[in-house]
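Report on the following structure.
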Amino acid sequence: MDHKRITFLLALIWTIVAVLPLFFGGTNFIMHILIMCLIWSVVASCWDLIMGFAGIFSFGQVAFFVMGAYASAIISAQFSIPPIFAVFVAGGITAAIGILVGLPCLKLKGAYIALVTFAVHMILEPVLKGDIGRAMGTGGSRGLLTIEPMHIFGYTFTTASPVPYFYLMLLVAVLCSVIILVVIKSHWGTAFLALKDSQEFATCLGVSAFKYKLRVFALTSFLTGMMGGFYAHYVGMLSTRMLGIDLFVTLMVILVIGGVGKFPGAIIGAFITIAVNELLSPLGPYRPITMGAMVVILVLVLPDGIVGLFERLFSKKQHGMTH
Amino acid sequence: MKKALGILLILVLALMPATGLWAKDTIKVGVPLAMTGPYTDTGDNYWKGIKMAIDEINTAGGLLGKQLEPIRFDTQEFAPERVMQGADYLCGQIGVDSVHAGWAGWGQDVRAYGKYTAPFFADDGSQSAVDVFKQNKEEYKNIFQLTDTGINQAQSMFNVLMALPYEYPNKKAVIITADDAWGTEVGDTLEKNFKEKGWDVAMHELVPYGTNQWGPLLTKIRRIKPAIIHVEIVSAQEVITFFRQFMKRPTNSILSYGYSLVPREVVETMGKEADGLLGEVPTAMPTPEAPTPEAQAWLEKFETIWGHLPQAGSWAAYSGVKAWATAVEAVGDEKNHDAVSDYIATNGYKGETGWWKWDEDHVMRAGGDVPIAHYQVQDGVMVAIFTDPPTKPYKDYQFQVPRWIKQ
Amino acid sequence: MVIEITDVIISGLINGSVYALMAVGLTLIYGVSKAFNFAYGSFYSLGGYIAFLLFGLSFINNYFLVFVLAVPILLVFGFFVEKTLVAPLRKRDDWEIKVMMITLGLALFLDNSFQVIFGSRMKSLPPFLEGGFEAGDFYLSHQDVGIFFLSIGGILLFRWFLNNTRTGMSVRAVAQNPAGAQIVGIPKEFVFAATFAISTVMVGMGGILLAQKYFITPMGGWDILVKAWVITAFGGMGSIRGGLYAAFIVGMLEAFVGWYFGMTWTLIVLFAVLLTTLAVRPQGLLGKWG
Amino acid sequence: MIELVDVNACYQDFHVLKNVSLAVKKGQIVVMLGPNGHGKSTVLKSICGLVEKVSGLIRFEGETITGLGSEKLVGMGITYIAENRELFPQMSVLENLKLGAYSRSARAFEKENLEKVFDLFPRLRDRQSQLAATMSGGEARMLAIARGLMSNARFLAIDEPSLGLQPNLRDEVAKIIKQINGQGITLLVVEQNIPQITELADTLYVLEEGSISFEGSKEDARGNDHLKEIFLGM
Amino acid sequence: MGGEQMLRVTNVTKKFGALTAVNNLSFEVRQGQVFGIAGPNGAGKSTVYNLITGLYDFKGTISFKDQDISGLPPHRIAKLGIARTFQIPQTFPSLTVEKSIEVGSYFGSRKGFDQNHVDQVLTFVNLSDMRGAPTGSLNLLQKKMLMIGAALATRPEILMLDEPMAGSNAKEIIQLMDLIRRINQDLGITIILIEHFMKVLTELTETLLILETGTEICCGDPQKVTSDPRVIECYLGDCDD
């Protein structure tokens, strides 16, 4: 998809999302879901950036998110840093961990990278719950029950009136999507694609696989960690339950629906997935069954997600749109 | 396969709007419980009690002449934002007049539902939930805990262990708990108590859920030969595998399972094999024989409806609904949430075993007519042998020295 | 102390043998078709549930009959899944990630279907061997010995199958050189589906073997998936011998770490060892097919 | 025996063969020449069912075989011997050979063919248990040809047998090709580094840009200046 | 002839398992030269390229303008001024023609990205009309041109071409030969050329290296080399034409 079309699509999505509070502003439940949609849309976009564009099978996205959330909560509590700064510090910490995780991954291939990054996810829970975590102030298995709410210029965002926080998150999500767009559009994105298509030729043209792969780890884990921070200060509570398989699968479904490597598909995917998940909620145990069935069917029927479907419809008229 | 899935999907989509239709003029009751994921079974226990209470009220003509209508919400794994979503959905979106939860998230729930006014009944059994409550008693006045905290429950377990008519061969204890909030709360309290009484806690192990290879730990236990082993993992798989592997070469130890004796599978799977195990249930309806005729009637009714004896939480959740209904009758307006909450807090509720009184932290403290019951599995059935506090033997039931202890 | 360490070693050996059976199945699919099966753990539970259902039938009263009936069911199921879900994706450039996604979806579907059909409560099977060896403080149950020998036997049987049967050789051929396999007339697509089916049988049999000891639960397979995955990568994806060594190393490591440091450390140590290994040898202990 | 009429073949979007027509008669050796990358291998692979998108008519002994997969064709007696050998590296020589006789029709003759092959390549007999990966280029080439023979093929398509061979072995390859042909096997060979093989040819084809640009005997070819220029380069 | 020494390969050996792909090879390339490498398929020609550009590690030393480049990662070597193409055209299907050229300009050029230079390169390789097209839609010749263009965009001092003529017809060969000449003479770029067509090599190159199973058979003036009996025997066979 060319950049003009992505920009247009982004503008369209965010405009629609921006007016949603006019309809749902009074219903906390829906506003809350919308805020979660915004958060997941950024996290999923980051995942898409690293997996879809850079072609690195990183499965550590949820782990980075949780790290960022804990880091921000702990920093703001222990060093009394205002949350609005703490989230960036948390992003920085997560980025540093992202680079550390990225280093061994440079040498590895597809499924191994998936394993190493997923290993980070698996280790995180015992670490956060165990002695190390408790020493850092994670509250062990009880989790953190009091996290300072976000406040800017004396205004405190509370969950009781979510509309202001919705707009704050919208601003953050717009900024993140612009960052991702700029990255895709800039030489970074070109480097990712070139490395993904033909690493040999790309490196022989001077593209440093090392540098750009580490950068994508750093960037995506920074943004993801930062979103974790925003999440923590919004919800006000944290536990290692986030590391359950549910969230991981939800993010995967977002990508399946949105389309891998089809930015801004992940954003659309996030809104659809979270909405469908809520709609299916009354079905109780049939909800995950339906979600699972949907993934299976969608991968077969709509392998490039919704954006891929649009593209296919477009490219029939307009030749030459490769994936 | 594809076709079948497609049909399923269509069915689901077709069913969706149907769930959104509610009959008019009912009182809506929120029921946020785990319907999927690892806590499904505990969610089920609570639901059975809640459903029984609601059906009872409805068949008796409803509350203030209106039928009760439960609105369920799947809390999944109690991720913080999920708990919040539940509160926003049930209280914010639907506008229910009371919420009956079970295990709902160790304090996250207090926050989430405290924002609203509808009376909220939870079975957290957690000191951290009480701590959150104490931060703002006015704001959280609609929150009611149906059971005592883990600290007090653990204290009670210790009291009973010390009161058993049995002479311990040594003063060595082993504590194994799950690495969750409940497990650590119980484990830490027990360790403190043991140490105060001059016992040696030779091993205090946290284990992750899903542990079912106990070889390495049992190896250590066999060396220690403790007088008491306390296991606190509220998941049948773990405690059964532990027991079976322990029984291959048992030590002369009393096996205390605390709250982890109560998942229905434990006794149902093992039957008489489980004889000798100790455990406890807070806010309990002692079995097999209830303390009062009303309670006995309730027990029998539960068994007729669901086909088995009540599990931990069923009766507590049932009583929560009844307590709220009593208060609503007294206040005369289900929408006056504050008045209903105040009524419950000051007047309590008279249940099958006697009076329920919430303390100033809105916790149903163990004792009086609603004590913690301590059980031993005897002949394949959970038999209440003690109640606490105060620690006293229950009816004529006797503690039996487990068969694996060689004296 | 000696008895304690013997106990730990035996516990490591028995777990290692079962891990080996599971890991060999996973490494097999990866080695042959480069597909990563996220639903592998769910197939483990599936095996258990099939056995549970079979034991519910009146004419079935022993494990032998269960195995005889369960194997073809698992075989057909695995074959069917490969043909309908995995094979259609193989033509795509990004099929690797698509296969991961579709099998993840399948896992979600299966696990929750188990939950709806069988309930979230665990299911148990009758023990297949009673009693045990006893010598002083030392005890070894017959069941564990049985599990050990059946697992090892299963792997040896599989090894024999790979080395000595025509189908087995064609599986190895596709793994080593798919183009070459096609040239000599081996139906590649069939071999892909067949290996998928065989690996389903292996993990399903694991599920049946362990059901009595560890029970069957709807979500019980995830643990198995993660372990098998770690072992596979540790030993070298696609290397059966590597997987075998890795399985026993992991089994021992778990036993010793759990005994010495505590159970919560096993996962951390496991992954630490894995990461260190991969940092030094990105292809795992034993690189390709061995 | 083999006949191609207006065959087209594509790899992904890349149209490799354009209306190729050729014929190989029973018992013949036909040699195909042409610049690298112009589709010679694709012709062989198309015949042997190794190219996904093939259209046109391919006939084997009068029977249409267009679109059939290699697993069928190998059974019918059509076998491809790849330029880059495509052996199974972690298997022994014997295992490689046995797999050569994978098809149902070849299984019955496995023992017999094994003897024949060992007679043809005595060196392989001595190295039955050696892993293919550890063999030298020449031995591996022999093994590839031997594996092809194990399929009991009546038609062999041999792709650049000289690839990676030491010069002194080329004579041997030519000799073997002659011997194989002598056993009654029809051959279509792509080879331009071994003049001896060109010498053996009953018919020569030249493939340029995916189309046949020359068909005729070797004598005709010698007289053709264009051919000299494009592929002999002198 | 007689320019400064650009690239020196000294005693380089590369083994893949039991196979020795390159065996104790030494040669040097001087500035402004067109240096040819020939030899039968599988003689190790492409491997030599992979060693020079840092894709594989090896024994021995390779130096570029007196700087030892052995062991440097490929992107560093590219940045020093060594560019290459591949025998099987490698392109970036996710990128357009212009973007692909930009990759070279942005990442490989010491002078940094320069739009004018990209435009010049596009014109030079005859792809200005296709700049917006996705690389997947190109034909074989265009893909080769694009590969050469991307390599040129790095402003290399040495351009290494791997069988550029493979799969081309007579007309295209002439076109490509002309392009190579222009790169060498107009842009002053030293060229190393792997090729099968003897005619191309004899016409274009000043020095010709013949490889056989990774070993040097002969090296020197192409006319002399092609008349060397050892070469005729190994490479051309005793062709009676």
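All values below were derived from every heavy atom in this structure, side-chain atoms included, with hydrogens, water molecules and symmetry-related copies excluded.
- Of the atoms belonging to C:E4, heavy atoms from both backbone and side chain fall under 4.5 Å from chain B.
- Within 6.0 Å of CZ on C:F256 lie more than 12 heavy atoms contributed by other residues, nucleotides or ligands.
- Here the NZ atom belonging to B:K248 is positioned 7.0 Å from the CD atom belonging to C:Q143, to the nearest 0.5 angstrom.
- Looking at B:E238, there are no atoms closer than 4.5 Å to chain C (heavy atoms on both sides), in backbone or side chain.
- B:M35 touches chain C through its backbone: at least one of N, CA, C or O sits under 4.5 Å from a heavy atom, while the side chain does not.
- If you measure heavy-atom distances from B:T211 to chain C, the contacts under 4.5 Å come from the side chain alone.
- Proximity to chain B is limited to the backbone of C:Y260, based on heavy atoms less than 4.5 angstrom apart.
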Could you go through C:V18 and B:Q213, starting from their C-alpha distance and side-chain angles, then the distance that decides it, and tell me whether this counts as side chain to side chain contact (heavy atoms under 4.5 Å, CB included)? CA-CA 12 Å; C:V18 183; B:Q213 290 153 18; over 6 Å; no
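- Among all heavy-atom pairs drawn from C:T264 and B:L206, the shortest one is CG2-O, 3.4 Å.
- Contact detail for C:S11 and B:G215: the closest heavy-atom pair is OG-CA, 4.3 Å.
- If you tally non-hydrogen atom pairs under 4.5 Å between each of C:G132, C:G119, C:A255 and chain B, the highest count goes to C:A255.
- Contact annotation: the side chain of B:I176 never approaches that of C:M263 to less than 4.5 Å [non-hydrogen atoms, C-beta and beyond].
- Heavy-atom pairs under 4.5 Å with chain C were tallied for B:V207, B:D44, B:L218; the largest tally goes to B:V207.
- Within the 4.5 angstrom heavy-atom criterion, only side-chain atoms of B:L217, from C-beta onward, approach chain C.
- By the 6.0 Å contact criterion, CH2 on C:W265 is open, its count of non-hydrogen atoms from other residues, nucleotides or ligands being 12 or less.
- With salt bridges taken as basic N to acidic carboxylate O contacts below 4.0 Å, none links B:R223 and C:D7.
- The CE atom of C:M219 lies 12.5 Å from the CD atom of B:Q237; values are rounded to the nearest 0.5 Å.
- C:F215 places a side-chain heavy atom less than 4.5 Å from the side chain of B:T269.
- How far CG of B:N212 is from OH of C:Y214: 5.5 Å, rounded to the nearest 0.5 Å.
- Only the side chain of B:D179 comes within contact range of chain C, with heavy atoms under 4.5 Å apart.
- Annotation for B:K51: atom NZ does not count as buried by contact number, only 12 or fewer foreign heavy atoms lying within 6.0 Å.
- Atom CD of B:E268 and atom OG of C:S124 lie 12.0 Å apart (nearest 0.5 Å).
- Of the two parts of C:T217, only the side chain, counted from C-beta on, holds a non-hydrogen atom closer than 4.5 Å to a non-hydrogen atom of chain B.
- In this structure, no portion of C:D111 lies under 4.5 Å from any heavy atom of chain B.
- Applying the salt bridge (charged side-chain N to carboxylate O under 4.0 Å, His left out) criterion to B:D74, with sequence neighbours excluded, gives A:R287.
- Looking at B:E205, only its side chain comes within 4.5 Å of chain C, counting heavy atoms on both sides.
- For C:Q212, the parts sitting under 4.5 Å from any heavy atom of chain B are the backbone and the side chain alike.
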